[in-house]
Participant: 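Mind looking over this structure? Questions follow.
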Amino acid sequence: MRVTVLYFAWLRERIGHAQDQVETDAATVTELVDQLRARDDRHALAFADLTAIRVAIDQDLADLDAPITGAREIAFFPPMTGG
Amino acid sequence: MRVTVLYFAWLRERIGHAQDQVETDAATVTELVDQLRARDDRHALAFADLTAIRVAIDQDLADLDAPITGAREIAFFPPMTGG
Amino acid sequence: MPDIRVQPDPFDYGQVCAAFAQAHCDNGAIVSFCGIVRGENGLQAMEIEHYPGMTERALHRIAEQAMTRWTLGGALILHRHGPLTPGEPIMMVATAARHRADAFAAADFMMDYLKSRAPFWKKERRASGERWVAARDLDEQALSRW
Amino acid sequence: MPDIRVQPDPFDYGQVCAAFAQAHCDNGAIVSFCGIVRGENGLQAMEIEHYPGMTERALHRIAEQAMTRWTLGGALILHRHGPLTPGEPIMMVATAARHRADAFAAADFMMDYLKSRAPFWKKERRASGERWVAARDLDEQALSRW
């Protein structure tokens, strides 16, 4: 399946761009992360410490082991600091 | 000693005026209340139920058994309803 | 030093909020509360009686207790007396703090104490007549939270 | 229906407070919170990044949870994004309720959830360079209060 992967804040900066279009067979977020890490060094560096990363599947917060089947938009970002 | 006794809200209305100048030997608020009750029926009625009455001695909230020696202004009123 | 105001005149809630936030903009968190006359059950008007002198003293004490208890950059209590009509602001409090938890707790505390410890009495007027508002046990009980 | 606003433009805290209180003046209690950029440690500017689409969705959900959990007459969340300077309001929440306990709790709840569950990220600029603000463990822990 094809998903849009979005990056925010320092993830976006480390990767160097705000989104990737990804063709994937990943069943979970974690599997997708493994695939993204393999793209290049920047992705590998950005995803080095998963405890510092949060994920949203189709704009809802999710766990890293959540299934992504059918998802269209998956976003990665650091813990939120609004308010 | 001579004290100014003030009444607020429904106490003032029941008594019919906002203050009395009182010459008293009362040692506590309760003794002063007994003396006030004896003044006339309106005072007696106003002070019928002491659980519904609060007192301030020189503008500080006090208990009914508090000493009043040296006080200049004693105020009686119902529980407060500001805010 | 808390800002305490006891006045018969109407006040502009938005204007006071804006001035307070501006004056304390070096704090990160501003909390404000406004109490408004509810026009329910056919209420036509409200009259607020108070105890001049003691009122200011009680409000100062409440605000100073809040400033001792929490780390605040500022505190304000404003309360009207005299006649009011439904929909009008009766009173407000505002707090400024570096951290929002302090600002929230201090505003909440000041409201609880103001309700039961500041000498104001409300009288409501309806077509059926006038009556003094009774204190609620709940308001007295709220003090035990602190 | 909560009033949710996500905008790059500055807002007038006093004006929004006044309009909110006016619109909900049949409620007796209005609580508002305003977050302001603190200019400490030589902060020159702040930039707030957000996730368009998810942001509005998250704020709606937070406000609706508050309206389900407490008896509210209204709720508002306004949050800016883009560049800000010290002393400027970043965001605000407001709640209206018949009873002040509901208004206070709901505003406090919305702030806690907004801090850790709405997709905003702050970057600070100083003479020494730029850095992303780190989330505080305290903010995540605050959610366990609810």
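The shown structure was predicted, so the numbers you read here are calculated from the model rather than taken from an experiment. The chains referred to below are lettered A, B, ... by the order of the sequence lines, with proteins before strands, and numbering in each begins at 1.
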Participant: Could you look at A/R12 and say if it's the side chain, the backbone, both or neither that has a heavy atom under 4.5 Å from chain D?
Facilitator: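 A/R12 touches chain D through side-chain heavy atoms alone.
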Participant: Counting only heavy atoms not in A/D65, do more than 12 sit closer than 6.0 Å to its CG atom?
Facilitator: yes
Participant: Hey, does D/K123 have a side-chain heavy atom less than 4.5 Å from the side chain of A/W10?
Facilitator: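 Contact flag for A/W10/D/K123 side chains = no.
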Participant: For A/D25, does the CG atom have more than 12 heavy-atom neighbours from other residues, nucleotides or ligands under 6.0 Å away?
Facilitator: no
Participant: With the side chain counted from C-beta on, respond yes when D/M54 and A/D58 share a heavy-atom pair under 4.5 Å apart, and no when they do not.
Facilitator: no
Participant: Is atom CG of D/D9 surrounded by more than 12 heavy atoms (other residues, nucleotides or ligands) closer than 6.0 Å?
Facilitator: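 Enclosed.
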Participant: Side chain, backbone, both or neither: which part of D/A58 has a non-hydrogen atom closer than 4.5 Å to chain A?
Facilitator: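 Nothing of D/A58, per the 4.5 Å heavy-atom cut-off to chain A.
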Participant: Could you tell me which of D/M92, D/E47, D/R61 has the largest number of non-hydrogen atom pairs under 4.5 Å with chain A?
Facilitator: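 The option with the most such pairs is D/R61.
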Participant: Between D/K115, D/R80, D/R136, which has the largest tally of heavy atom pairs under 4.5 Å with chain A?
Facilitator: D/K115
Participant: What part of D/H81 lies closer than 4.5 angstrom to a heavy atom of chain A: side chain, backbone, both or neither?
Facilitator: neither
Participant: To the nearest 0.5 Å, how far apart are CH2 in D/W132 and CD in A/E13?
Facilitator: 5.0 Å
Participant: More than 12 heavy atoms of other residues, nucleotides or ligands under 6.0 Å from CZ of A/R72: yes or no?
Facilitator: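 No.
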Participant: Please work out whether the ring planes of A/F8 and D/W121 are parallel, tilted or perpendicular, with thresholds of 30° and 60°.
Facilitator: parallel
Participant: In the structure I gave you, are the side-chain heavy atoms of D/S116 and A/M80 within less than 4.5 Å of one another anywhere?
Facilitator: no
Participant: D/R57 and A/Q59: which non-hydrogen atoms are nearest, and at how many Å?
Facilitator: NE-O, 3.4 Å
Participant: Can you tell which of A/P78, A/A52, A/A75 has the highest number of heavy-atom pairs within less than 4.5 Å of chain D?
Facilitator: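 Of the options given, most contacts go to A/P78.
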Participant: Look at the side chain of D/H79 and the backbone N and O of A/G82, then say whether any donor-acceptor pair between them is shorter than 3.5 Å.
Facilitator: no
Participant: Whether the side chain of A/T81 engages the backbone of D/K122 through a donor-acceptor N/O pair (distance < 3.5 Å, no angle test) should be reported.
Facilitator: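 Answer holds: yes.
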Participant: Is chain A contacted by the side chain of D/R117, its backbone, both, or neither, given a heavy-atom distance below 4.5 Å?
Facilitator: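 Both backbone and side chain of D/R117 come within 4.5 Å of chain A.
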Participant: Decide if atom CD of D/E64 counts as having more than 12 heavy atoms of other residues, nucleotides or ligands within a radius under 6.0 Å.
Facilitator: yes
Participant: Give, as side chain, backbone, both or neither, the part of D/I48 having an atom under 4.5 angstrom from any heavy atom of chain A.
Facilitator: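 No part of it gets close to chain A.
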